Amino acid sequence: MTLELLLLILVIGTAIAFDFTNGFHDTGNAMATSIATGALKPKTAVALSAVLNLIGAFLSVEVALTVTNAVVRLQNSSGAPNPELLANNGHELLMIVFCGLIGGILWNLLTWLLGLPSSSSHALFGGLIGSTAAALGFSGVNWMGDGTKLDGVVGKVILPAFASPVVAALVATIGTWLVYKITTGVAERYAEGGFRWGQIGTASLVSLAHGTNDAQKTMGVITLALIAYGVQTDTTTVPLWVKFACAFAIAAGTYTGGWRIIRTLGKGLVEISSPQGMAAEASSAAVILTSSHLGFALSTTHVATGSILGSGLGKRGADVRWGVAMRMVLAWFITLPAAGLVGAVCFWLGNGIGGYAGVLIVFGALVALTFWMIAHSRKTAVHAGNVNDEWQADAKPGASVASDESIGAKA
């Protein structure tokens, strides 16, 4: 087996693993409020979200081949890799993509372990920015585009990251206020029941939109690697097996739940009711779909978090936990540089050692850190059975909500 073939296999496997982490990391964006209010049972919610993510992944792949162009200069506008990166069966490009994916995976796992919602898309982009800068210098990063429109890292990633949660929070605040204004005098049990059905519909729409947007990125990365290695020449289509692999990976990840993040979104930010939950999900869906129509790339995590926060601001007397919110915002700020640093270090390490040893050492580090974080998470178990337990005032995101006895019972 040649070194480049090994790299191609590792890129494909790592990309599918990233899609899996993307799925469980972002389940809470759509389903946290429905689980928190009892509109859906926890396992039913993640199953529904998984199916809709799977369907959404097949609905639209038009921009999959050029999605990385927003942040790095590895391809031309058609999706074909830059010629200088194709030497030795695309070795340098494969190494850049491999290390960028590792940066995205490790950041997703760390924030999941801490129970902090953060953007999987930004983690992937951050990893690619870091590995590209390490390989090609800062000129290899598309910072501002050509200046004719909002583009590049600033226009496609940083500005939407600031604007989207603010817009979503504003829409959800107004929506929640209107909901309670309109339903004044309606018996609480009738209002709660009706809004729970509404929550199911709006949460389903967010899940579908998530599958349509997020699975594309990994499809594009794998196809780029296939083209670079030389086993595919068509720059206009994504191979059918790549579509299936990415769609099922993100759906499988979604079905595992990502309970730590679901708990933080559903119970940690605001003690949410069904009217608030429906307003939050409707706001998320409206902002995501509007931005897609206008061509803006938004993080579903930022939008969902802003909407949930807004649903607390829009209800008189609601308790908003600002400490939890501030920890989330801090994670958002450092996502790009943290994932970028990991991507850069992986490239320097793998390229510096060189050969099979460099590639395998980098991959070994990914595997070792992954298993360490999974093992560490078991010490503070969060699962479908306790995800809705009362939030402790001094709890940090990701903290255990299970007693020693319940952990033992689950083991």
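The structure presented is a predicted model; accordingly, all values stated were derived computationally and were not measured.
The nearest pair of heavy atoms linking V387 to W259 is CG2-O, 3.7 Å. L48 and S204 get closest at one heavy-atom pair: CD2-OG, 3.5 Å. When all heavy atoms of S311 and T176 are compared, the pair lying nearest together is CA-OG1, 3.2 Å. Nearest heavy atom pair, residue S120 against residue D26, reads OG-OD1, 3.4 Å. Between F347 and A135, the shortest heavy-atom contact is CZ-CB, 3.3 Å. The shortest heavy-atom contact between C346 and V362 is O-CG2, 3.5 Å.
E281 pairs with exactly one of N29, T202, T33 by the side chain to side chain donor-acceptor pair (under 3.5 Å) rule, that one being T33. Checking each of T254, L40, L265 against M31 for a side chain to side chain contact (heavy atoms under 4.5 Å, CB included) leaves exactly one that passes, namely L40.
A heavy-atom distance below 4.5 Å is not found between the side chains of W197 and M278. At least one side-chain heavy atom of V320 sits under 4.5 Å from a side-chain heavy atom of L309. I96 is not listed as a side-chain neighbour of V72, based on a closest heavy-atom distance of 4.5 Å or more. Counting heavy atoms from C-beta on, the side chains of I129 and V153 come closer than 4.5 Å. Proximity of L124 to L101: side-chain heavy atoms (C-beta onward) are separated by under 4.5 Å at one or more points. The shortest side-chain heavy-atom distance between S273 and K315 falls under the 4.5 Å cut-off. Here the side chains of H25 and S118 are in contact, with some heavy-atom distance below 4.5 Å. Annotation: side chain of H210 is in contact with side chain of I250 (closest heavy-atom distance under 4.5 Å).
Although no hydrogens or angles enter the test, the distance criterion places no donor-acceptor pair under 3.5 Å between the side chain of W348 and the main chain of G343. Side chain of N69 to backbone of N76: a donor-acceptor contact under 3.5 angstrom is found. No donor-acceptor distance shorter than 3.5 angstrom exists from the side chain of R263 to the backbone of G258, with no hydrogens or angles considered. The backbone N or O of I35 lies less than 3.5 Å from a partner atom in the side chain of N388, making a donor-acceptor pair. Under the 3.5 Å distance criterion, the side-chain polar atoms of S131 are matched with a main-chain donor or acceptor of L128. E4 contributes no side-chain N or O that, together with a main-chain N or O of N89, makes up a donor-acceptor pair within less than 3.5 Å. Looking at T37, its side chain never comes within 3.5 Å of a backbone N or O of S274 through a donor-acceptor pair. Here the side chain of S49 pairs no donor or acceptor atom with the backbone of V46 at under 3.5 angstrom. A donor-acceptor pair is defined here as one N or O able to donate and one able to accept, closer than 3.5 Å; no such pair exists between the side chain of R196 and the backbone of S34. Side chain of N53 to backbone of L208: no donor-acceptor contact under 3.5 angstrom is found.
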Would you mind writing out the side-chain donor-acceptor pairs for residues 224-233 within the sub-3.5 Å range, not counting sequence neighbours?
from	atom 1	to	atom 2	distance (Å)
Q232	NE2	D234	O	3.0
Q232	NE2	T237	O	3.2

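Taking the six-membered ring for Trp and thresholds of 30 and 60 degrees, F162 and F333 have ring planes more than 60 degrees apart, a perpendicular arrangement.
Neither side chain, S119 nor T301, offers a donor N or O lying under 3.5 Å from an acceptor on the other. Judged purely by distance below 3.5 Å, without hydrogens or angles, the side chains of W107 and T335 pair a donor atom with an acceptor atom. When only modelled atom types and interatomic distance are considered, S139 and R73 share no side-chain donor-acceptor pair under 3.5 Å. Checked by atom type, the side-chain pair H122/S299 shows no donor-acceptor distance below 3.5 Å.
Checked against the 6.0 Å centroid threshold, Y255 and F24 do not count as a close aromatic pair.
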